[in-house]
Amino acid sequence: MLWNKCAHTCMWYVWVCLCVCVCVRVHVCVCVFMCCMGCAMCVCMCMGMVFRMAVDAMKALHPGVVTMALNNALWSQEEEAVLAKIPSTDPGHLESFQKLLADNPCVFHACRSPTSLHHHWVLMGHYGLLNNQKVEPIPLGDSVSTFMDAEDQVVDGDLARPRDVQEEALHQEMVAADRHCKREILKLEKEVPKWRTALDAGNNPEFGSDVLAILKGKVAEFLMITHTVSLGRKSAISDVDFDLSLEGPAFKVSRKQATIALTNDGEFEITNEGKRPLYLDGKAVVAGKTSKLHHNQILEVASMSFLVLVNFKLVQSVCS
């Protein structure tokens, strides 16, 4: 608002000067000079108003803001010279800085306090600027001018230091872990041929003359000879065709978990008759539901897995 008012005043004054010069027919240079003088007067008036506003704003500042600004005032050389006379061995009590402030009122700024003197004295001692502190000069013969010179003087043997107890324990643990990982890798490399043999046997199974399908587990193989077989956990009161307890722990398997049947169109179907769901290639078959059973599918019952292998030649001959 202030600058807009100043600009309007300058424009008004220039317009008046031009009109007067045209009326009295003065020289152009005189007209330009009058316009410049008028603009300068307007600017001076505006600057005076801005200065007064700035002074009023500074007087209205909060005392805390004023104190913070004064505490950040730069230290003069005379002030640091007086502070440097206090030796670094001095205990640094505030009473000493209070006396120093009272003895040198003309040297220190009016905003200085014993606490600020003490803080700056500690900072000067940290950088070795007190009078009783001496910095040893670097010998000329061993002076290092560049980083490359310093790098050349570094001896690899000086960098090697003995490990402490914690670092040594960590190193030993890492060595043991590395050794364990290498043993596991060697063990897996030795098992690769066995897995290849098992995979080949699964892709090319040897069926008997009367075997329709095979449920191949890690331990046991169940041969399906009849058109319908039952799976479950054999007990004294119930009997099943495929006793899954031969494969592994079957305490979570129902006594009659499922039934596999060969349909007239040459496909196998499995019906879940237990409480827990079955899984075919990861897809759940809940209780009471029936699903198709295909070649090379993975049948999961509780914690046991079986590979389904179908004898297509025998199935086609039986269905035809």
Side-chain angles (χ1 to χ4, degrees), residues 1-7 9-10 33 35-162 164 167:
M1 292 293 294
L2 181 62
W3 289 110
N4 292 337
K5 185 177 179 180
C6 181
T9 305
C10 290
F33 176 75
C35 293
C36 293
M37 290 297 295
C39 293
M41 291 175 61
C42 292
V43 171
C44 290
M45 292 172 58
C46 292
M47 292 299 294
M49 296 176 63
V50 171
F51 178 75
R52 286 193 295 272
M53 292 177 61
V55 172
D56 294 339
M58 286 189 292
K59 291 180 179 179
L61 287 175
H62 190 274
V65 177
V66 176
T67 303
M68 183 176 63
L70 292 177
N71 289 336
N72 293 330
L74 298 178
W75 292 76
S76 64
Q77 295 182 357
E78 292 77 10
E79 290 176 324
E80 291 187 343
V82 175
L83 280 176
K85 295 179 182 179
I86 301 179
S88 59
T89 56
D90 190 89
H93 297 302
L94 291 180
E95 291 78 6
S96 303
F97 296 99
Q98 179 67 42
K99 183 176 181 301
L100 186 67
L101 194 62
D103 295 341
N104 301 276
C106 299
V107 177
F108 291 102
H109 194 275
C111 66
R112 306 302 184 198
S113 63
T115 304
S116 62
L117 292 181
H118 177 263
H119 290 340
H120 196 69
W121 172 74
V122 172
L123 186 64
M124 291 177 63
H126 177 72
Y127 288 102
L129 299 178
L130 302 179
N131 292 342
N132 69 324
Q133 293 178 327
K134 295 182 180 179
V135 179
E136 295 295 334
I138 300 177
L140 297 178
D142 299 334
S143 61
V144 178
S145 57
T146 62
F147 180 78
M148 295 181 63
D149 296 338
E151 191 177 20
D152 293 338
Q153 294 181 6
V154 174
V155 182
D156 294 339
D158 296 339
L159 298 178
R161 59 180 181 84
D164 54 15
E167 290 181 348

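Atoms considered below: every heavy atom in the structure, side chains included; atoms not considered: hydrogens, waters and symmetry mates.
Counting only distance, with no hydrogens or angles, the side chain of His93 and the backbone of Glu95 share no donor-acceptor pair below 3.5 Å. Distance alone, capped at 3.5 Å, is enough to place a donor-acceptor pair between the Trp121 side chain and the Ile86 backbone.
In this structure, His120 and Trp75 have parallel ring planes: the angle between them is below the 30° cut-off, well short of the 60° mark.
Of all the heavy atoms in His118 and Gly92, the pair that sits closest is CD2-O, 3.2 Å. The shortest non-hydrogen separation linking Leu74 to Glu79 is O-OE1, 4.3 Å. The shortest heavy-atom contact between Met124 and Ala84 is CE-CB, 4.0 Å. The two residues Leu100 and Phe108 have their closest heavy-atom pair at O-CE1, 4.0 Å. Summarising the geometry of Ser96 relative to Asp90, their closest heavy-atom pair is OG-OD2, 4.3 Å, with the distance given to 0.1 Å. In terms of heavy-atom proximity, Ser88 sits nearest to Gln133 at CB-NE2, 3.8 Å.
The closest side-chain heavy-atom distance from Leu123 to His119 is not below 4.5 Å. Between Leu83 and Leu129, every side-chain heavy-atom pair lies at or beyond the 4.5 Å cut-off.
Distance NZ/Lys99 to CG/Asn104: 9.0 Å, rounded to 0.5 Å.
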